[in-house]
> 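There's a structure below that I have some questions on.
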Amino acid sequence: MAERRIGLIMNGVTGRMGMNQHLIRSIAAIRKDGGVKLANGDRVMPDPILVGRNREKLEALAKAHGISRVSTDLDACLADSNDTLFFDAATTQMRAGLLTKAINAGKDIYCEKPTSDNLAEAMAVARLAKEKGIKAGVVQDKLFLPGLRKLKMAIDSGFFGEILSVKGEFGYWVFEGDLQPTQRPSWNYKKAEGGGMILDMLCHWRYVLDNLFGNVESVSCLGATHIKRRIDEQGKAYTADTDDAAYATFQLEGGVIAHINSSWVTRVRRDDLVTFQVDGTHGSAVAGLQKCWTQSRVNTPKPVWSPDTPQPINFFEGWQEIPDTEPMPNGFRVQWELFFKYLAGEVATYPWDLLAGAKGVQLAEAGLQSWAERRWVDLPKLEV
């Protein structure tokens with residue numbers, strides 16, 4: 001058994017997502033468990049260097065999680081041939097430029113989505129990666145949620161018969177910052193800083209829909225800026241100038257219709273912060289982050305419309321939960337481990353690459369266009 005070191009440049013890990021999901025719950029956890037075990041018994045061990053602008057923050061983070069290397073000089077890190085993988089979870093607007101620089105330095109790529117705030121840049125990066133022959137992966141974490149993995153199992157089993165429609169509800173109330181401190185950073189509500197629900201979440205819905213139900217062929221989207229005044233991290237009021245909610249309908253290859261509401265201004269009365277209901281000719285399912293419930297054709301109740309009497313049916317009964325049959329660890333970590341196996345040659349192909357990332361940007365851009373022009377927008381096939 002041998003240990004295979006992968007020198008990993010981690011940029012943007014002082015932010016919420018980069019720190020919690022990628023550094024602490026993925027890379028630090030993998031290192032603590034002795035690396036990623038391969039089929040031949042070897043182990044892939046990531047050796048990260050944390051990169052950013054604030055050395056004090058980087059050093060504190062590294063010390064807390066047993067990491068020995070930090071730097072505030074990204075160019076020097078990219079010039080070091082001992083570190084072969086570049087990861088970015090910093091700002092969306094800088095991502096395409098950073099990825100381009102890393103690819104030109106010969107680094108393999110793993111990064112957060114969106115890969116850019118516009119399709120032209122996202123495609124340029126994807127084409128450059130192909131031209132240079134580097135390996136690349138884009139975070140598509142929701143595919144690895146336990147709830148969606150159970151939903152995928154139900155799809156693969158043929159449980160639904162013909163799938164007819166998908167209805168998604170995502171979001172929760174994000175406090176404005178006056179009554180209670182806000183729980184999302186202020187850049188989410190500033191167009192100039194890459195904020196906006198459509199740019200953020202339609203990238204997610206692209207890979208969820210493409211991978212589970214059929215490729216997205218067209219979109220009709222309405223965005224809204226419902227709350228226009230919020231309080232930032234310094235306690236100062238600012239004007240929110242980008243969308244905090246999106247109401248989108250998608251036509252999928254094969255005829256499935258999907259509709260997903262995404263909102264940071266909604267109060268939750270459902271099973272989870274995100275739920276997907278899938279209806280088919282032979283059965284339906286509702287999946288959240290962790291759980292998935294099904295109701296088959298023969299177990300479906302027969303309601304009768306009667307506005308004059310109390311509803312006699314408890315509609316939450318009659319659903320069966322898909323049991324946990326195997327451990328399902330953090331979805332971000334699962335995808336990291338698959339990517340390391342891809343780098344090590346154990347996995348021959350990796351579908352969630354920079355082209356997949358560009359497809360997410362394509363849908364977000366089409367959603368914004370649909371909102372602006374108040375019409376359906378078709379999505380042509382992307383190729384590199």
> With no hydrogens and no angle check, is any side-chain donor or acceptor of S263 less than 3.5 Å from a backbone partner on V265?
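Yes: the side chain of S263 pairs with the backbone of V265.
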> Side-chain heavy atoms under 4.5 angstrom apart, residues restricted to Ile, Leu, Val, Met, Phe, Trp, Tyr: same cluster for M123 and L354?
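Different clusters: M123 never reaches L354 through Ile, Leu, Val, Met, Phe, Trp or Tyr contacts under 4.5 Å.
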> Evaluate the ring planes of Y172 and F170, with Trp represented by its six-membered ring, and classify them as parallel (under 30°), tilted (30 to 60°) or perpendicular (over 60°).
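The rings of Y172 and F170 stand perpendicular, inter-plane angle above 60°.
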> State, with a plain yes or no, whether a side-chain heavy atom of F332 is found less than 4.5 Å away from one of I24.
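Contact flag for F332/I24 side chains = no.
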> Quiz question: by atom type and distance under 3.5 Å, do the side chains of W293 and S284 form a donor-acceptor pair?
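No pair is found: no donor N or O on one side chain lies under 3.5 Å from an acceptor on the other.
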> Starting at CZ of R95, measure out to CG of N11 and round the result to the nearest 0.5 Å.
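The CZ atom of R95 sits 9.0 Å away from the CG atom of N11.
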> Given 3.5 Å as the limit, does a donor-acceptor pair link the side chain of Q183 with the main chain of W173, or not?
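Answer holds: yes.
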> Please check: side-chain N/O of E217 versus main-chain N/O of D378, any donor-acceptor pairing under 3.5 Å?
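No, E217 side chain to D378 backbone: no donor-acceptor pair under 3.5 Å.
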> So, do W264 and Y189 have ring centers that fall under 6.0 Å from each other?
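Yes - the distance between ring centres of W264 and Y189 falls below the 6.0 Å cut-off.
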> Could D232 and K236 be called an ion pair, given the rule that one side-chain N must be under 4.0 Å from one carboxylate O?
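Not counted as a salt bridge, because no side-chain N and carboxylate O are separated by less than 4.0 Å.
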> Got C111 and L99 here, is their nearest side-chain heavy-atom distance under 4.5 Å?
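In short, these two side chains touch, coming nearer than 4.5 Å.
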> Could you go step by step and tell me if K150 and D324 meet the salt bridge (charged side-chain N to carboxylate O under 4.0 Å, His left out) rule?
CA-CA 9 Å; K150 295 171 185 175; D324 294 319; 2.5 Å; yes
> Do you know the tightest heavy-atom contact between G171 and V268?
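In terms of heavy atoms, the two residues are closest at O-CG2, 3.5 Å.
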> Looking at every heavy atom in both L379 and Q362, which two are closest together, and how far apart are they?
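Closest heavy-atom pair between L379 and Q362: CD2-OE1, 3.8 Å.
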> Is the backbone N or O of P185 less than 3.5 Å from a side-chain atom of E233, with the two atoms forming a donor-acceptor pair by type?
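No.
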> Check the angle between the aromatic planes of W336 and Y110 and answer parallel, tilted or perpendicular using the 30° and 60° thresholds.
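Geometry flag for Y110 against W336: tilted rings.
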> Is a side-chain N or O of H259 found less than 3.5 angstrom from the main chain of A248, in a donor-acceptor match?
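The answer is yes, because a donor-acceptor pair under 3.5 Å joins these two groups.
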> Is K113 salt-bridged to D141, cutoff N-O under 4.0 Å?
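Not counted as a salt bridge, because no side-chain N and carboxylate O are separated by less than 4.0 Å.
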> For the pair K191 and D243, find out whether any cationic side-chain nitrogen is under 4.0 Å from an anionic carboxylate oxygen.
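Between D243 and K191 there is no salt bridge, as every charged N stays at least 4.0 Å from the carboxylate O atoms.
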> Parallel, tilted or perpendicular for F87 and H22, by the 30°/60° rule?
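Rings of F87 and H22: tilted, 30 to 60°.
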> For a quick test of reading the model, state the closest non-hydrogen atom pair linking Y350 to G137 and the distance between them.
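Shortest heavy-atom contact: CE2-CA, 3.8 Å.
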> Find the distance between CD (Q335) and CG (L143) and round it off to the nearest 0.5 Å.
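Q335 atom CD to L143 atom CG measures 7.5 Å (nearest 0.5 Å).
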> Minimum heavy-atom separation for L202 to L363, with atom names?
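So the two residues come closest at O-CD2, 3.4 Å.
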> Does this structure show an ion pair linking R127 with E383, if we count only N-O contacts that are shorter than 4.0 Å?
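Here R127 does not pair with E383 in a salt bridge, since their nearest N and O are not under 4.0 Å apart.
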> Is a donor on one side and an acceptor on the other found under 3.5 Å between the side chain of E337 and the backbone of S26?
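No; judged by distance alone, with no hydrogens or angles, the pair does not exist.
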> Using a 4.5 Å cut-off on heavy atoms from C-beta on, say whether the side chain of K135 contacts that of K107.
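Counting from C-beta outward, K107 and K135 never come under 4.5 Å.
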> Looking at every non-hydrogen atom in both residues, tell me the closest pair between A89 and G18 and how far apart they are.
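Looking at all heavy atoms of both residues, the shortest contact is CB-CA, 4.0 Å.
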> Around atom CZ of F316, are there more than 12 heavy atoms from other residues, nucleotides or ligands closer than 6.0 Å?
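Atom CZ in F316 is not packed in, count stays at 12 or less.
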> Less than 4.5 Å apart, any side-chain heavy atom of T225 and any of T242?
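No, side chains not in contact.
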> Side chain to side chain contact (heavy atoms under 4.5 Å, CB included) with V36: which of V44, L338, L343?
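By the side chain to side chain contact (heavy atoms under 4.5 Å, CB included) criterion, V36 pairs with just one of V44, L338, L343: V44.
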> If you measure from the Lys or Arg side-chain nitrogens to the Asp or Glu carboxylate oxygens, is any gap between R333 and D33 under 4.0 Å?
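Salt bridge between R333 and D33, a charged N being under 4.0 Å from a carboxylate O: yes.
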> Find out whether K291 and D271 are in side-chain contact, i.e. whether some heavy atom of one side chain is under 4.5 Å from a heavy atom of the other.
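Heavy-atom side-chain distance check fails, nothing below 4.5 Å.
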> Taking side chain as C-beta onward, heavy atoms only, is F276 less than 4.5 Å from V286?
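No - every pair of side-chain heavy atoms lies 4.5 Å or more apart.
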> What verdict does the side chain to side chain contact (heavy atoms under 4.5 Å, CB included) test give for W352 and Y207, after you've listed the backbone C-alpha separation in whole Å, the side-chain angles of each residue and the deciding distance to 0.1 Å?
CA-CA 9 Å; W352 308 294; Y207 67 73; 5.6 Å; no
> So, the side chain of D108 versus the backbone of A136: is there a donor-acceptor pair under 3.5 Å, distance only?
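It does not hold such a pair.
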> Per the side-chain hydrogen bond (donor to acceptor under 3.5 Å, both in side chains) rule, what does the pair list look like for residues 153-169, sequence neighbours excluded?
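Qualifying pairs: K152-D156, K167-D279, E169-N261.
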> Whether the side chain of D272 engages the backbone of T275 through a donor-acceptor N/O pair (distance < 3.5 Å, no angle test) should be reported.
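No.
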> Would a line drawn from the ring center of W371 to the ring center of Y247 be shorter than 6.0 Å?
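No: the rings miss the under 6.0 Å criterion.
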> As a test of understanding, state which of V361, I103, L98 forms a side chain to side chain contact (heavy atoms under 4.5 Å, CB included) with V125.
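Between V125 and the candidates, side chain to side chain contact (heavy atoms under 4.5 Å, CB included) is satisfied uniquely by I103.
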> With salt bridge (charged side-chain N to carboxylate O under 4.0 Å, His left out) as the rule and sequence neighbours excluded, what pairs involving residues 42-54 come up?
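Every salt bridge (charged side-chain N to carboxylate O under 4.0 Å, His left out) pair that includes a residue of residues 42-54, provided the two are not neighbours, is R4-D42, R5-D47, D47-R69.
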> Would you please name every residue forming a salt bridge (charged side-chain N to carboxylate O under 4.0 Å, His left out) with K341, sequence neighbours left out?
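Salt bridge (charged side-chain N to carboxylate O under 4.0 Å, His left out) list for K341, sorted by chain: empty.
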> For T249 and W376: C-alpha separation, side-chain torsions, deciding distance, then whether side chain to side chain contact (heavy atoms under 4.5 Å, CB included) applies.
CA-CA 9 Å; T249 304; W376 281 91; 3.8 Å; yes
> Is a side-chain donor-acceptor pair under 3.5 Å present for S296 with N299?
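Indeed, the side chains of N299 and S296 share at least one donor-acceptor pair under 3.5 Å.
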> With a 4.0 Å cut-off, would you call R184 and D200 a salt bridge?
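A salt bridge is present here (some side-chain N lies under 4.0 Å from a carboxylate O).
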> List the steps, then state whether side chain to side chain contact (heavy atoms under 4.5 Å, CB included) holds for I9 with L78.
CA-CA 8 Å; I9 303 165; L78 292 175; 4.0 Å; yes
> Return yes if some donor-acceptor pair links the side-chain N/O of D244 with the main-chain N/O of I227 below 3.5 Å, else return no.
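Yes, because the side chain of D244 sits within donor-acceptor range (under 3.5 Å) of the backbone of I227.
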> Would a 4.5 Å heavy-atom cut-off, applied to side chains only, mark D353 and P351 as touching?
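Side-chain contact under 4.5 Å: no.
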> Near M328 CE, under 6.0 Å, is it more than 12 heavy atoms from other residues, nucleotides or ligands?
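Yes, CE of M328 has more than 12 neighbouring heavy atoms, counting only those of other groups under 6.0 Å.
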> Got a donor-acceptor contact below 3.5 angstrom from the Q21 side chain to the R16 backbone?
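No: the side chain of Q21 does not pair with the backbone of R16.
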> Is the CD atom of E321 crowded by more than 12 outside heavy atoms at less than 6.0 Å?
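Correct, the count exceeds 12.
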